[in-house]
Amino acid sequence: MTVTVRLFASYAEILGKSELELTIPDGSTVADVVRSVNGMPGGNSLPPSPLVAVNYSYASSAKPLANGDEIAIIPPVAGG
Amino acid sequence: MTVTVRLFASYAEILGKSELELTIPDGSTVADVVRSVNGMPGGNSLPPSPLVAVNYSYASSAKPLANGDEIAIIPPVAGG
Amino acid sequence: MMHVSLVRVAIDIASLAATVAKDTNGATAVFVGTVRSSNEGRPVTGIEYSAYDEMAEREMVSILTEASQKFGIAEAVIEHRLGTLHVGDASIGVAVAHPHRGEAMDALRYIVDETKRRAPIWKLEHYTDGTREWVNAGGVLET
Amino acid sequence: MMHVSLVRVAIDIASLAATVAKDTNGATAVFVGTVRSSNEGRPVTGIEYSAYDEMAEREMVSILTEASQKFGIAEAVIEHRLGTLHVGDASIGVAVAHPHRGEAMDALRYIVDETKRRAPIWKLEHYTDGTREWVNAGGVLET
C-alpha cells in the first residue's frame, strides 16, 4: 500500500523535503513509517519517537495504517 | 468635632440625602457615626454594621475618627 | 503603564489593548464586562452605574499595585464606565500585558475579581416591566 | 458562534470581540499573543509562522468543542496568523464570551494553553545577529 508522509518546519529542513510517498507492506504501523524516515539521508537527526498524526489526528506509534493514509511527522509545536 | 458623612446608591435613596455634616464628641468611632445615621429618619433600614470607608479606605467599626474625616457608608458593591 | 479611570463614554477595547502594548510583552489579556439582556431571569433594559468616584479610583490603583507585586505585571489598565448603559454596552474594560501568558491571565482575573469585590460602584438595574432595583442590595453585608 | 481560522493578515482584537458578542453574555475575555523583542535573552527581529494547516484547524475546532463542554461557552473564536511577523505583531487572538466572567476566563485559558500545546504550528525565530532558530525544536519530544 502507499501512504503520504508529510514533514514540517525543522524536520522538513533536515530531510530537504516536505512531502513524500512511501510504499509499505500491508499491516505496517506508524512506527514502521517513522523507522523508514529515520533511515533516509538526514533522517537519523530526527528523534526515534516523534509526534505523529495520521489523517490530521495525533496517533500512537502502534497505530496500523491503511492505503492512502496521510502520516505527518510533527516537530515540537510552538504556536501562539 | 465635625465629620462629613457620605451616602450612596440605595442608602442615599433611603435617607433622602447623599451627604451630611455631623458634630460628634471627641473620641467617637466609626460605630458611633453609624449609630447616629441608623437613628435618622429611614436610617433603621440600613444594616447595623454596614461597610464603611474613612477618607477613601475601608475601615473597621472601631476606628477612631478625627475632625474633618469623610465617612462613607458603602452599600454592597456591584461594579463591573 | 498603570492606569485607572472612570469614564462616561464608550469603552474601546482596541485602545485598552494598545495602552498596555510593549515590545517586551508577548501576552495581552483583556476582559470586557457588558450589560446583559437578563439578570436572574428578569429582562433588563439598561443599568445606571454610579460610584464613590474618589475612592473607586484609589481602590483600583491599589488593586493594580497588588497585581504588580503578585504577578510582576508592569502594564495594566482598568476603565469603568458610569452613567446609563444599555444592553450590550461595556461597563468595565481591563487589559493586562506581561512577557508571558500565564501571568497575564492570572493578573487579569485578579484585577477583575478584586475590582468587582472592592470598588465602590453600584448598579441600578431597569427591567422591561418598568421596575428598577439596586443590584446586590440584599447581598451579604460585612463590616 | 464557534470559529477558527489561520490568517495572513493582521489580527483585529476589536473584531474578535465583536464576533463573540451576544446580548445574553455579560463577559468577554480576550487573549492576544504578540512577537516579543527578545526570547530567552536573544534579541528578535521577527518570526516566521508556519502550520500544518488542515490539521491545525481541526485541532483548534476540537479545542473549542472541549471548551464548550467543559465551561458551557457557546461563543469563541481562535485566529492564528501565519507568515512573517515583526516585533509587536499579533500572532494569535482568542476571544470567548459567556454570561459570567469566571467561565469566560477559565475557557480563555484552556483554549490558549491547548492551542499552544496541540496545534501543529511552528516558529522560526530571526535574531538581530542574522541567525535563525526553530523555537522549541530541542524541546521534550513525546510520542
Side-chain angles (χ1 to χ4, degrees), chain B residues 3-22 28-39 42-66 68-80, chain C residues 4 6-7 11 31-36 39-40 47-63 78-82 85 89-94 108-109 111-125 132-143:
Chain B
V3 296
T4 302
V5 176
R6 295 189 61 180
L7 301 160
F8 298 92
S10 53
Y11 294 179
E13 284 195 347
I14 288 167
L15 282 137
K17 61 187 81 177
S18 60
E19 187 168 334
L20 54 113
E21 304 280 305
L22 272 189
S28 292
T29 64
V30 163
D32 296 320
V33 166
V34 168
R35 204 170 304 117
S36 293
V37 174
N38 279 333
N44 60 354
S45 299
L46 266 56
S49 296
L51 274 175
V52 173
V54 175
N55 301 334
Y56 317 117
S57 295
Y58 288 110
S60 77
S61 62
K63 187 183 170 70
L65 299 172
D69 278 351
E70 176 166 317
I71 294 98
I73 304 187
I74 312 267
V77 305
Chain C
V4 309
L6 298 170
V7 299
I11 291 172
F31 178 85
V32 180
T34 49
V35 175
R36 279 188 297 153
N39 190 15
E40 294 177 2
I47 299 181
E48 274 175 71
Y49 281 86
S50 58
Y52 182 12
D53 292 45
E54 308 92 311
M55 181 177 167
E57 288 184 351
R58 287 170 199 227
E59 203 65 30
M60 293 190 293
V61 167
S62 298
I63 291 165
I78 310 174
E79 211 166 273
H80 202 299
R81 190 169 169 189
L82 301 178
L85 276 71
D89 286 345
S91 54
I92 183 171
V94 176
L108 180 71
R109 183 181 296 254
I111 293 167
V112 172
D113 285 352
E114 290 299 299
T115 299
K116 290 193 174 244
R117 196 171 74 78
R118 289 156 50 184
I121 298 176
W122 301 277
K123 304 198 248 209
L124 182 58
E125 220 162 48
R132 28 160 272 174
E133 200 167 281
W134 290 99
V135 175
N136 199 26
V140 176
L141 300 166
E142 297 160 357
T143 48

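Proteins come first, then strands; the chains are lettered A, B, ... in the order of their sequence lines, and each starts at number 1. Hydrogens, waters and symmetry mates play no part in the numbers below; they use all other heavy atoms, side chains included.
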statement: In terms of heavy-atom contacts, Ala53(B) and Met55(C) come closest through CB-SD, 3.4 Å
- prompt: For the residue pair Val77(B) and Ala119(C), what are the closest heavy atoms and their distance?
  reply: CB-O, 3.4 Å
task: List for me each residue that meets salt bridge (charged side-chain N to carboxylate O under 4.0 Å, His left out) alongside Arg6(B), sequence neighbours excluded, and say none if there are none.
output: Glu70(B), Glu54(C)
- prompt: Listed by chain and number, what are the ring-ring contact (aromatic ring centres under 6.0 Å, His included) partners of Tyr52(C), not counting sequence neighbours?
  reply: Phe8(B), Tyr56(B)
task: Could you look at Ala51(C) and say if it's the side chain, the backbone, both or neither that has a heavy atom under 4.5 Å from chain B?
output: backbone
task: Look up atom CD in Glu59(C) and atom OH in Tyr58(B), then write down how far apart they are to the nearest 0.5 Å.
output: 5.5 Å
query: Got more than 12 heavy atoms from elsewhere within 6.0 Å of NZ, Lys63(B)?
result: no
message: If we define contacts as heavy-atom pairs under 4.5 Å, which of Gly79(B), Ala72(B), Ser18(B) has the most with chain C?
response: Gly79(B)
- line: Between Trp134(C) and the options Pro75(B), Pro76(B), Ser10(B), the side-chain contact (heavy atoms from CB on, under 4.5 Å) test singles out Ser10(B)
